[in-house]
Protein chains: 2
Amino acid sequence: MTDATQLKPDAFKVACSSCNLRELCLPVGLARPDLERLDALVATRRSVARGDMLFRAGDAFQSLYAVRTGFFKTCVSSEDGRDQVTGFQMAGELLGLDGISNDRHSCDAVALEDSQVCIIPYGQLESLSREFTDLQHQFHKIMSREIVRDHGVMLLLGSMRAEERLAAFLMNLTQRLQARGFSASSLILRMTREEIGSYLGLKLETVSRTFSKFQDDGLLEVKQRHIRIIDQDGLQQLINGAHC
Amino acid sequence: MTDATQLKPDAFKVACSSCNLRELCLPVGLARPDLERLDALVATRRSVARGDMLFRAGDAFQSLYAVRTGFFKTCVSSEDGRDQVTGFQMAGELLGLDGISNDRHSCDAVALEDSQVCIIPYGQLESLSREFTDLQHQFHKIMSREIVRDHGVMLLLGSMRAEERLAAFLMNLTQRLQARGFSASSLILRMTREEIGSYLGLKLETVSRTFSKFQDDGLLEVKQRHIRIIDQDGLQQLINGAHC
DNA sequence: CGGTTTATTGACACTGTTCAAGTCAAGTGG
DNA sequence: CCACTTGACTTGAACAGTGTCAATAAACCG
């Protein structure tokens, strides 16, 4: 099993302190001196081509990764080959937190388009967060936020119907895209129907049918992976108990 | 909204260093000096009567809690009143990690039997983990483990059928009970069929029926909340793709 | 005890899955 | 440039698994 961390790290350096994602990423809220120390830590980027894996379940854990550009999915699989997409990650979001528990990654991270990540060596992050309270606290918040997010997905998987799931998924995506300066009403899906279905606990046919239904109901315009949201309130109502 | 943390903390002190749960709880793997500093941090216990809440969504976050005796559930709920049990916690397990992200708890923690928890003031835990590498690392592992656990639940909710879910649930419970010195084959459920159902994304009737089916198939003996596992391998096979 | 909660079971409805066929978009190679 | 291939998507019809509703039984608690 190859250690993905070592593969072709890009030579050039990057600085958190001048990164346009710093308000969405690990450095949120850090003051100047902390930020400059972080620059030293997050020294290299790595490119991951569409379809390639950043890491896979079983790989030794050494680093966290911050998505700089592109789009990822993470998936876990059980022994009998079932697998489940556990999340989609976009710019500014962290990958690899699962690896801390066992010193091995427990899921695969796959690039859904050509992407770049910043490599955050975990040991160094621990050291630095012993020095800087704010960094420590921020890191803990990010882990906690991931737990809270996961609980939200459990709620979705455990108690929502297909339409509600897809509506919640779309609202979540657009909200995150909007925070990154993209349109609130128009988006291009980076993942297939099957990947959406896996994330939402549905079959790809059900995802496809539900997209079609949303289109018929005048909520969306769907052209393959191009989605235009026509009735945002309508979608929101779907999530909030407008059952039937 | 009351701050649950302040309610009736028990007067007597406890010491992690002499706690019989220390190999399952936050102190795992800590050396003597660290352990003694932890004693100072985890100064008080609190009793929570069956049915009472340790904290609820929206409460200010100040402390983590380690279950000392008893049994808890955590649940999140959406605006429209749907709710989802996100986990069951037994002795040695930590509660409250969700609160770090926002300085507010995002779920309710309810005692399913009369319980005691150790109060771990979060600010002090952060301070101490800046001093002690091992404590810091252990804490990160616990958070990461929670993330990995949540991913496992997503897999269950997203891709397993009722029987598989219940089998997986029972195997997980017995494994954790066994690690605490209880029988591997006989257990008493602390939660209702409805709570199990909420956790597993099933209705209580389906849980009940599935228990009955397991009994008919000779896998279990079920008498209300008393479960005796007759065919552990059979249950395991159910989880690992013995579909149909 | 007696009322309340919890659990079991049956009949039936419904949501989502399965299987299969067909469409669409984007290559690929002759 | 067109025929062909391939992967992703859509749609229909039959079906299976759960959910819903309701009636009953058993256990629990004050």
Side-chain angles (χ1 to χ4, degrees), chain A residues 50-51 73 82 84-85 110 112-113 156-170 188-217 220-227 238 241-244, chain B residues 49-52 71 73 82-85 110-114 156-167 169-170 187-217 220-227 238 241-244:
Chain A
R50 174 183 167 157
K73 69 169 178 181
R82 257 189 289 244
Q84 171 77 18
V85 172
V110 183
L112 296 183
E113 56 182 343
L156 180 149
L157 290 171
S159 70
M160 292 185 170
R161 291 106 87 358
E163 294 182 20
E164 299 169 330
R165 294 185 197 191
L166 189 63
F169 170 71
L170 289 171
I188 299 177
L189 299 173
R190 256 63 230 219
M191 67 297 277
T192 65
R193 301 290 190 258
E194 185 168 20
E195 287 162 337
I196 297 172
S198 173
Y199 182 61
L200 298 178
L202 301 169
K203 294 292 152 184
L204 71 94
E205 293 95 332
T206 305
V207 174
S208 179
R209 268 185 257 272
T210 308
F211 268 126
S212 299
K213 176 159 194 308
F214 283 175
Q215 186 161 236
D216 293 349
D217 293 353
L220 301 179
E221 192 179 296
V222 184
K223 281 207 194 110
Q224 305 288 127
R225 300 196 181 181
H226 297 251
I227 308 289
L238 254 180
H243 305 151
C244 320
Chain B
R50 174 183 168 157
D52 284 358
F71 205 89
K73 70 169 176 181
R82 255 189 288 244
D83 73 327
Q84 170 78 19
V85 172
V110 183
L112 297 184
E113 57 181 342
D114 292 346
L156 180 147
L157 290 171
S159 71
M160 292 187 171
R161 314 194 293 84
E163 294 183 22
E164 300 168 328
R165 293 184 198 192
L166 190 62
F169 170 71
L170 288 171
L187 67 155
I188 300 176
L189 300 173
R190 258 62 229 219
M191 67 296 276
T192 66
R193 300 290 191 258
E194 185 169 21
E195 287 161 337
I196 296 172
S198 173
Y199 182 62
L200 299 178
L202 301 169
K203 293 292 154 186
L204 69 93
E205 294 94 330
T206 305
V207 174
S208 181
R209 271 186 254 271
T210 308
F211 269 127
S212 299
K213 176 159 194 312
F214 283 176
Q215 186 162 232
D216 293 349
D217 294 353
L220 300 179
E221 191 179 297
V222 183
K223 281 204 196 114
Q224 305 286 128
R225 299 195 181 182
H226 296 252
I227 307 291
L238 255 180
H243 304 153
C244 314

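In what follows, chains are A, B, ... by sequence order, proteins preceding strands, each numbered from 1.
A:Arg193 places no side-chain N or O within 3.5 Å of a backbone atom of A:Ser208 that could act as its donor or acceptor partner.
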Identify every side-chain donor-acceptor pair in residues 197-204 of chain A under 3.5 Å, counting partners at least two apart or on other chains, and give the distances.
residue  : atom : partner  : partner atom : Å
A:Ser198 : OG   : A:Val85  : N            : 2.8
A:Tyr199 : OH   : A:Arg149 : NH1          : 3.3

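Rounded to whole Å, atom P of C:dT5 lies 13 Å from atom CZ of B:Arg50. Here the P atom of nucleotide D:dA27 and the CG atom of B:Leu189 are 15 Å apart, to the nearest Å. With rounding to whole Å, B:Asp114 atom CG is found 15 Å from D:dC28 atom P. Distance, A:Ile196 CD1 to D:dC9 C1': 11 Å, rounded to whole Å. Put simply, NZ on B:Lys213 is 16 Å from P on C:dT8, counting in whole angstrom units. Between the CD atom of B:Glu113 and the P atom of D:dC29 there is a distance of 12 Å, given to the nearest Å. For B:Leu112 and C:dT6, the CG to C1' distance is 14 Å, given to the nearest whole Å. The distance from atom CG of A:Leu204 to atom C1' of D:dT11 is 12 Å, rounded to the nearest whole Å.
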### Query
Along nucleotides 10-16 of chain C, 5' to 3', which nucleotides get a B, which get an S, and which get a -, given that the test is a protein heavy-atom distance under 4.0 Å?
BB----S
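Open room surrounds CD on B:Glu194; 12 or fewer heavy atoms of other groups in view lie less than 6.0 Å from it. Within 6.0 Å of CZ in B:Arg225 there are more than 12 heavy atoms belonging to other residues, nucleotides or ligands.
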### Stepwise salt bridge (Lys or Arg N to Asp or Glu O under 4.0 Å) check, B:Arg50 with B:Glu113
CA-CA 4 Å; B:Arg50 174 183 168 157; B:Glu113 57 181 342; over 6 Å; no
### Query
For B:Glu163 and B:Arg165, what are the C-alpha separation, side-chain angles and deciding distance, and is it a salt bridge (Lys or Arg N to Asp or Glu O under 4.0 Å)?
CA-CA 5 Å; B:Glu163 294 183 22; B:Arg165 293 184 198 192; over 6 Å; no
### Query
Stepwise, does the salt bridge (Lys or Arg N to Asp or Glu O under 4.0 Å) test hold for A:Arg82 with B:Glu164?
CA-CA 12 Å; A:Arg82 257 189 289 244; B:Glu164 300 168 328; 3.0 Å; yes
### Task
Under the side chain to side chain contact (heavy atoms under 4.5 Å, CB included) rule, what do A:Leu156 and B:Leu157 come out as? Steps first, then yes or no, please.
CA-CA 10 Å; A:Leu156 180 149; B:Leu157 290 171; over 6 Å; no
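In this structure, B:Asp114 has no side-chain hydrogen bond (donor to acceptor under 3.5 Å, both in side chains) partners at least two apart in sequence or on a different chain. With sequence neighbours excluded, no residue forms a salt bridge (Lys or Arg N to Asp or Glu O under 4.0 Å) with B:Asp83.
Across the helix from C:dC1-D:dG30 to C:dG30-D:dC1, the helix axis at one end is tilted relative to the axis at the other end by 40° (nearest 10 degrees, each axis from five pairs).
Residue A:Ser208 is in base contact, counting any heavy-atom pair closer than 4.0 Å across all strands shown.
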Check the interface with nucleotides 21-28 of chain C: list each N/O to N/O pair with the protein under 3.5 Å, or write none.
none

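Looking at heavy atoms from C-beta onward, B:Ile196 lies in side-chain contact with B:Leu189 at the 4.5 angstrom threshold.
Dashed line: the shortest gap from a side-chain N or O of A:Arg225 to OP1 or OP2 of D:dA8 is not under 4.0 Å.
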